[in-house]
Amino acid sequence: MGKVKTLDDLRKLKDELKSKTSLRDKSEHPESMVQIKVAMATCCIASGSRETINYLADELEKRNIEAVVTQTGCMGYCYAEPTIEVTLPGKEPIIFGYVDEKKADEIIEKYIRNGELVEGIIPMNYKNIEDTTK
Ligand code: FES
C-alpha cells in the first residue's frame, strides 16, 4: 500500500495490519515466544513504523523465529521513532529506537537470535502496573 492520504487509506491500513498481527496474537503461550510491540500512533506511522512492523512480521516468519508481533500506542519515546519493545522469553523488555528495516534486521540477527545487545537501546522511564503495587 502507498501513502496514507484519505481516511479510507487509513482504514485499509488498519485492516491490513490487524490481519497480519491477529494470527500471532492468538498464540496460547505468548510468554514462551519472542514478543515485539511496535508503537503505531499516527506520528509513529508517519515516521515509518508501518514499514518496520511489516518488515519484522515478514522477516521473523521467513527466518522461522516464533514471535508475537503486535502494535501499541505511543510509548513516550517519540524523539526516537519508530520505537519497538522486544521481550525475549524470561527476560526483561528492552526498548529500541530509530528502528528502520536495517536496524530491525540487526535486532533480529544479534539480539533475538543470539542475545547480543545492539546500539539503539532506550532506557525505560516507566513502570508497569505490577511494579507500582509492590
Ligand atoms: S507518537 Fe510515536 S512514539 Fe510517541
Side-chain angles (χ1 to χ4, degrees):
M1 181 174 199
K3 289 187 177 181
V4 175
K5 292 181 183 169
T6 66
L7 192 54
D8 275 348
D9 290 348
L10 192 58
R11 286 193 182 113
K12 281 181 198 164
L13 173 62
K14 182 182 169 193
D15 292 342
E16 196 178 300
L17 291 173
K18 253 188 177 177
S19 65
K20 276 200 165 190
T21 56
S22 66
L23 285 175
R24 291 172 174 84
D25 284 344
K26 291 176 185 159
S27 169
E28 287 181 24
H29 304 287
E31 66 282 349
S32 66
M33 302 170 75
V34 175
Q35 296 178 66
I36 302 176
K37 293 178 187 167
V38 181
M40 291 290 287
T42 47
C43 302
C44 312
I45 292 170
S47 296
S49 61
R50 177 175 46 139
E51 288 77 9
T52 300
I53 195 170
N54 287 340
Y55 182 83
L56 285 165
D58 291 346
E59 289 301 314
L60 289 163
E61 192 173 320
K62 277 186 206 164
R63 300 177 198 191
N64 292 319
I65 297 172
E66 290 213 316
V68 180
V69 181
T70 54
Q71 54 184 335
T72 186
C74 174
M75 291 192 274
Y77 308 101
C78 309
Y79 65 92
E81 294 173 332
T83 53
I84 70 170
E85 180 189 274
V86 181
T87 308
L88 300 181
K91 304 255 179 163
E92 291 293 314
I94 291 184
I95 308 269
F96 294 93
Y98 304 107
V99 184
D100 56 10
E101 291 182 359
K102 186 176 174 206
K103 178 57 78 178
D105 176 61
E106 185 182 9
I107 291 168
I108 292 170
E109 287 305 313
K110 291 187 178 172
Y111 183 62
I112 294 175
R113 273 201 202 277
N114 299 319
E116 294 172 34
L117 294 178
V118 298
E119 296 227 3
I121 294 173
I122 299 174
M124 294 205 311
N125 60 8
Y126 65 87
K127 293 182 175 188
N128 63 31
I129 192 74
E130 288 88 24
D131 293 341
T132 59
T133 56
K134 289 179 186 170

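Whatever order the structure lists them in is the order used to number ligands and atoms, beginning at 1.
- In this structure, atom 1 (S) of ligand 1 lies nearest to the protein heavy atom Glu81 OE2, 3.1 Å.
- Near Cys43, meaning under 4.0 Å from any of its heavy atoms, are these atoms of ligand 1: 1 (S).
- Checked by atom type and distance alone, the side chain of Ser49 never pairs as donor or acceptor with a backbone atom of Thr52 at under 3.5 Å.
- By the criterion of a heavy-atom distance under 4.0 Å, the side chain of Ala41, and not its backbone, is placed next to ligand 1.
- Other residues, nucleotides and ligands contribute more than 12 heavy atoms inside 6.0 Å of the NZ atom of Lys103.
- Distance check, rounded to the nearest 0.5 Å: CD of Glu81 to CG of Asp100 gives 13.5 Å.
- Within a 6.0 Å sphere centred on CD of Glu109, heavy atoms belonging to other residues, nucleotides or ligands number more than 12.
- Distances from atom 4 (Fe) of ligand 1 show that Cys44 has no N/O/S atom below 2.8 Å.
- The CD1 atom of Ile84 sits 10.5 Å away from atom CD1 of Ile94, with the distance rounded to the nearest 0.5 Å.
- Rounding to 10 degrees gives 100° for the angle at atom 4 (Fe) of ligand 1 between SG of Cys78 and SG of Cys74.
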